Amino acid sequence: MKICMASDHGGFELKNIILKYLQSKGYNILDLGTDSIDSVDYPDFAIKAVKSILNKECSRGIIMCGTGIGISISANRFPGIRAALCWDSLTAKLSRQHNNSNILAMGGRLIGVELAKEIVDVWLNTEFDGGRHEGRINKIDELAKKYWVKYMEGEHESL
Ligand code: RB5
């Protein structure tokens with residue numbers, strides 16, 4: 001499993017710690033930046049992870065900003081992406097079992113290192129339950145695509 005990681009400056013420190021942690025466990029990690037604590041815009045780093053997942057370069061992604069909120073909102077704009085903002089092992093587990101999350105988002109300024117390691121371990125080692133959840137996650141993209149077509153046609157207010 002190849003995993004991409006991306007963050008803004010708010011997630012930079014935790015990203016580096018988790019990146020090294022995962023490498024020490026043998027995971028193949030693609031680091032998409034940012035590379036310093038200099039201020040950057042989280043959507044620019046969300047899109048890097050999104051592209052890497054959608055073009056199948058990586059099968060999973062881990063993204064971080066200060067809260068995890070801005071970068072997960074950005075990633076979730078794209079059909080095919082299910083970015084889950086997780087803050088404990090239960091949200092991480094359920095986001096895999098029920099939502100088949102392909103991106104894990106965390107708040108670099110809110111989550112301690114040991115908790116982040118636990119979240120990542122659970123998230124990487126939990127399978128999707130499928131079954132009744134399959135139709136629901138398919139519906140997310142069906143509705144998004146329908147909306148975007150209307151939006152591009154200037155009719156999105158009629159939804
Ligand atoms: C950057 O200061 C901060 O706003 C960003 O990292 C994130 O928390 C936004 O959601």
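A quick note: this is a predicted structure, and the numbers were derived from the prediction, not measured. In listed order, ligands and their atoms are each counted from 1.
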* Please step through salt bridge (charged side-chain N to carboxylate O under 4.0 Å, His left out) for the pair Glu142 and Lys139, ending with a clear verdict. => CA-CA 5 Å; Glu142 283 164 21; Lys139 210 172 254 195; over 6 Å; no
* Is Asp8 touching ligand 1 with its side chain, its backbone, both, or neither, if touching means heavy atoms under 4.0 Å apart? ->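 Side chain only; the backbone of Asp8 stays clear of ligand 1.
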Quick one: nearest non-hydrogen protein atom to [atom], plus distance?
atom                    : value
atom 2 (O) of ligand 1  : Arg109 NH1, 3.3 Å
atom 8 (O) of ligand 1  : Thr67 N, 3.0 Å
atom 10 (O) of ligand 1 : Gly70 N, 2.9 Å
atom 9 (C) of ligand 1  : Tyr42 CE2, 3.5 Å
atom 7 (C) of ligand 1  : Cys65 SG, 3.4 Å

* To do: Decide if atom CD of Glu13 counts as having more than 12 heavy atoms of other residues, nucleotides or ligands within a radius under 6.0 Å.
  =>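 No, because the 6.0 Å sphere around CD of Glu13 holds 12 heavy atoms or fewer from other groups.
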* To do: Would you mind listing which atoms of ligand 1 come within a distance below 4.0 Å of any non-hydrogen atom of His9?
  =>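 Numbered from 1, ligand 1 contributes 1 (C), 2 (O).
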* Would you mind running through ligand 1 and noting each atom that sits below 4.0 Å from a heavy atom of Gly66? =>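 Answer for ligand 1: 5 (C), 6 (O), 7 (C), 8 (O).
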* In terms of hydrophobic clusters joined by side-chain contacts under 4.5 Å, are Tyr27 and Met5 together? -> yes
* **Nearest heavy atoms of Phe12 and Ser36, plus distance in Å** =>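 That would be CE1-N, 3.4 Å.
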* Asked: Relative to each other, are the rings of Trp148 and Tyr151 parallel, tilted or perpendicular (30° and 60° limits)?
  -> perpendicular
* Asked: Does Lys15 use its side chain to pair, donor to acceptor, with the backbone of Gly108 at less than 3.5 Å?
  -> no
